[in-house]
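Some notes on the structure that comes next.
Per chain, numbering begins at 1; letters A, B, ... match sequence-line order.
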There are 2 protein chains.
Amino acid sequence: VKAEYINPLIRATTSVFETMLGCTLTRHDPYLITSHEQEHEVSGVIGFSGAIIGCVVLNISREVAIEATRTLLQETPTELNADVIDTVGELANMVAGAAKSTLDVPDLKISLPTIVTGDHHGIQYPSNVKPIGIPFTCEWGEVLVKCALIEEAAAVAAS
Amino acid sequence: VKAEYINPLIRATTSVFETMLGCTLTRHDPYLITSHEQEHEVSGVIGFSGAIIGCVVLNISREVAIEATRTLLQETPTELNADVIDTVGELANMVAGAAKSTLDVPDLKISLPTIVTGDHHGIQYPSNVKPIGIPFTCEWGEVLVKCALIEEAAAVAAS
């Protein structure tokens, strides 16, 4: 993962949470991810394709997912129902979309979100991708953005 | 999910397992997926973008993942190690790549695989996507391909 992918993701995440949810994120130090176990219970995964390929994962706790749904839809879900899943997918989509506009890579495309749930789910990547974790905290709990993007040329060379 | 996406996926999966693994798949009846709980322990997820958007999931048991790795890499892993993860990712990638060539949709792109593990992991999609499951059996166990693709125009209209 190249360092220049990180800042657009930080700005995108901070801006989406502020604008859509009125929620101020505090960023902590990015790190290289070595364990495949997710930190939090819900992940929104968005695939990227084009000159940069891979995915971005928005990994949040049940509490953050529920509070985000409460704020966005004015309802208070008590479990990870379809509205919570749609909210996490939409947040992941907006973060990826905002990062995509800033990255300034021609012909970059993003897929629909896939939402992964489960107390001990793990998300892993091909071994040539070294994902970076960008941790944030907010009043509702913790938010982790994972960047698993590489240049398409590198992906082709490795296969 | 349109019916015309299903046949290319069936042919792609059967052909990849036969060619790469010497493993003959028997197909069973496709069905509309209503539960989000995965059938099997390991999933390879590939994002699609372009005129068709969403993802294809190759969901297999630990046994199938390990036997596929044994066949492809001539080794016998005892757990879901990095080689098994890479094998599942590569199989998902080949199935999606083969389906992409058959679909004949201009400018269709696929992302890198994301591999999800966990005994009770769930993979969900935005509520406007109605995924189809295509179940197969083989000598090693069960293989499930999930198709969660929609036309990009439909995705834009729903958001």
A/Ser49 OG to A/Leu108 CG distance, which is reported to the nearest 0.5 Å: 7.5 Å
Side chain, backbone, both or neither: which part of A/Val88 has an atom under 4.5 Å from a heavy atom of chain B? neither
Residue among B/Gly118, B/Cys55, B/Gly54 with most heavy-atom pairs under 4.5 Å to chain A: B/Gly54
Any idea which of B/Ile52, B/Ile110, B/Ile115 has the most non-hydrogen atom pairs under 4.5 angstrom with chain A? B/Ile115
Engaged part of A/Ile85 at the chain B interface, taking heavy atoms whose separation is under 4.5 Å: side chain
As an exercise, state the distance from CZ of A/Arg70 to CD of A/Glu63, rounded to the nearest 0.5 Å. 13.0 Å
Examine A/Ile150 and A/Tyr31 and state if one hydrophobic cluster contains both, with Ile, Leu, Val, Met, Phe, Trp and Tyr joined whenever side-chain heavy atoms are less than 4.5 Å apart. no
Is any residue of residues 5-16 of chain B within less than 4.5 Å of chain A by heavy atoms, and which ones? none
Below 4.5 Å from any heavy atom of chain B, which atoms of A/Leu149 appear? Answer side chain, backbone, both or neither. neither
Return the CD to CG distance between A/Glu90 and A/Asn93, rounded to the nearest 0.5 Å. 5.0 Å
Please determine, among B/Gly89, B/Ala148, B/Gly47, B/Ser111, the option with the most heavy-atom pairs under 4.5 Å with chain A. B/Ser111
Check each atom of A/Tyr125 against the heavy atoms of chain B and say whether the ones under 4.5 Å are side chain, backbone, both or neither. both
How far does CG of A/Leu25 sit from CD of A/Glu139, to the nearest 0.5 angstrom? 10.0 Å
To the nearest 0.5 Å, how far apart are SG in A/Cys23 and CD in A/Glu67? 9.5 Å
Would you say the side chains of A/Thr69 and A/Asp83 form a donor-acceptor pair under 3.5 Å? no
Without swapping roles, check the side chain of B/Asn59 against the backbone of B/Val143 for a donor-acceptor pair under 3.5 Å. no
With side chain to side chain donor-acceptor pair (under 3.5 Å) as the criterion, how do B/Thr24 and B/Glu18 come out once you've worked through the C-alpha distance, each side chain's angles and the decisive distance to 0.1 Å? CA-CA 5 Å; B/Thr24 303; B/Glu18 188 75 55; 3.2 Å; yes
Heavy atoms only, distances under 4.5 angstrom: which of A/His121, A/His120, A/Lys109 has the most pairs with chain B? Name it, please. A/Lys109
Nearest 0.5 Å please: distance from the CD atom of A/Gln124 over to the OG atom of A/Ser127. 10.5 Å
Selection from B/Ile123, B/Asp119, B/Asp86 maximising heavy-atom pairs under 4.5 Å formed with chain A: B/Asp86
Given the options B/Ile46, B/Val45, B/Val57, B/Asp107, which has more heavy-atom pairs under 4.5 Å with chain A than any of the others? B/Asp107
Hey, are the side chains of B/Arg27 and B/Ile134 touching, using non-hydrogen atoms and a 4.5 Å cut-off? yes
Which residue out of A/Pro113, A/Ala82, A/Gly44 racks up the most heavy-atom pairs below 4.5 Å with chain B? A/Pro113
